[in-house]
Amino acid sequence: MLPIPAEELNGSGTLGPYWTFYRAVVAEQLNRWLPRSPSVVLDLSRGQGRWSAQAARAGHRVIEVVDFRRAVAEGQPVLRDAERVRQVRADDLRFLPDGSVDAVLAEDRSMSLELMAESAIGDVARVLRPGGRALVCVDSLVLGMAILAEQNYWAHLRQTSEVMLVPWPDGSITRCFSSAQLRELLTDAGLEVEWIRPRTVLSPSTVDHVLASDSRALNWLVRTELEAHPDDDDTVGIHLVASARRV
């Protein structure tokens, strides 16, 4: 799969069909991953609300952390509580006791935007109960190298540093991972990795071609994607996703 240009990564631009497919894969993957029985789910996915709402609809009680690992600015929107979703504004997890949640969602590249991901994952492992699980999505090295190449940072591409920090055109910085680095991040925190895989292996051109031929093929494409088994393959895909369990 060829890397997606950086300007397309916000979901706008020319890859509308691909992002429709991508979001459908994320939703179905989460649906399959969530606990089968009602549970307490902690959502660290940058306060977008999408994953919290899906978990709540599945019958879980959700704690959605807004501004995780970010300074709280004045004038931010008022937090809201729904029947099954409670929003909390915090830059760490000190408000939660040890072993207090059943599952943690770190979607939407939240651990790549946290440059000290080791500390953040350590917090995740602490609040998970034994047997609890975490779902973590990060930027891949494939994406990082593509962004550096687009900005002509060739010297950076030759570096062999264990940590790849990538400057984006908008001035932000993201931390990109290989599958081995993501596995090490999780295991060093005391989590047992169940699987690591690219979020998607189907290329935008393939998705666009199939959906242009038959718009009803979306569900088939999603099933095809999720039934593939490219475990630990970090040579494709802009994002990696991992499931890990606290032992």
Side-chain angles (χ1 to χ4, degrees), residues 1-39 41 43-46 48-60 62 64 84-85 103-112 133-143 146 176-177 179 182 193-245:
M1 174 180 174
L2 294 176
I4 294 174
E7 63 269 17
E8 296 283 0
L9 290 173
N10 63 359
S12 61
T14 61
L15 296 179
Y18 176 78
W19 287 117
T20 297
F21 160 75
Y22 183 99
R23 287 189 288 268
V25 168
V26 174
E28 180 57 24
Q29 191 169 60
L30 178 56
N31 181 57
R32 297 184 183 190
W33 182 88
L34 283 168
R36 296 300 96 186
S37 58
S39 303
V41 177
D43 182 11
L44 305 179
S45 306
R46 302 200 296 159
Q48 300 297 317
R50 183 187 313 156
W51 298 274
S52 291
Q54 183 175 345
R57 288 194 299 270
H60 304 293
V62 184
E64 182 185 3
R84 291 187 176 274
V85 179
V104 176
L105 302 179
E107 271 288 358
D108 202 21
R109 311 163 46 239
S110 56
M111 288 300 132
S112 276
R133 303 165 75 211
L135 188 68
V136 180
C137 174
V138 297
D139 289 339
S140 72
L141 285 183
V142 171
L143 174 62
C176 298
F177 292 81
S179 60
L182 181 55
V193 175
E194 297 178 312
W195 47 261
I196 298 174
R197 56 159 292 158
R199 168 123 285 164
T200 61
V201 297
L202 296 177
S203 69
S205 59
T206 297
V207 171
D208 187 59
H209 174 74
V210 172
L211 291 181
S213 301
D214 184 356
S215 61
R216 298 169 298 178
L218 179 60
N219 289 338
W220 176 83
L221 281 172
V222 171
R223 288 196 304 270
T224 299
E225 178 68 68
L226 294 180
E227 289 168 5
H229 298 284
D231 292 348
D232 281 352
D233 185 353
D234 54 13
T235 63
V236 296
I238 57 175
H239 301 136
L240 296 174
V241 61
S243 177
R245 184 184 303 272

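Keep in mind that what you see is a predicted model, and the values were worked out from it rather than measured.
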At what distance, to the nearest 0.5 angstrom, does [atom1] of [X] lie from [atom2] of [Y]?
X      : Y      : atom1 : atom2 : result
Leu105 : Cys137 : CG    : SG    : 11.5 Å
Leu202 : Glu225 : CG    : CD    : 4.5 Å
Leu240 : Met111 : CG    : CE    : 14.5 Å
Leu143 : Arg109 : CG    : CZ    : 7.0 Å
His60  : Ser37  : NE2   : OG    : 7.5 Å
Leu226 : Arg32  : CG    : CZ    : 4.5 Å

So which atom in [X] and which in [Y] form the shortest heavy-atom distance, rounded to 0.1 Å?
X      : Y      : result
Ala242 : Leu182 : CB-CD2, 3.8 Å
Asn31  : Arg36  : O-NH2, 2.7 Å
Trp33  : Ala103 : CH2-CB, 3.8 Å
Ala217 : Leu211 : C-CD2, 4.1 Å
Gly49  : Glu64  : N-OE2, 3.2 Å
Ser140 : Gly237 : OG-O, 2.8 Å

- Task: For Glu194 and Ser243, test the side chains for any donor-to-acceptor distance below 3.5 angstrom and give the result as yes or no.
- Result: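 Note: Glu194 and Ser243 side chains meet the donor-acceptor criterion.
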- Query: What residues, two or more places apart in sequence or in another chain, satisfy side chain to side chain donor-acceptor pair (under 3.5 Å) together with Ser52?
  - Reply: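 Side chain to side chain donor-acceptor pair (under 3.5 Å) list for Ser52, sorted by chain: Asp43.
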Using side-chain heavy atoms (C-beta onward) and a distance below 4.5 Å, is [X] in contact with [Y]?
X      : Y      : result
Arg84  : Val62  : no
His239 : Asp139 : yes
Arg50  : Glu107 : no
Val241 : Leu135 : yes
Ile238 : Arg199 : no
Val26  : Trp51  : yes

- Scan for salt bridge (charged side-chain N to carboxylate O under 4.0 Å, His left out) pairs involving residues 214-224, sequence neighbours excluded, and state none if there are none.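 Matches after skipping sequence neighbours: Asp214-Arg216.
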- Task: If the plane angle is over 60° it's perpendicular, under 30° parallel, otherwise tilted; pick one for Tyr22 and Tyr18.
- Result: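 Ring orientation of Tyr22 relative to Tyr18: tilted.
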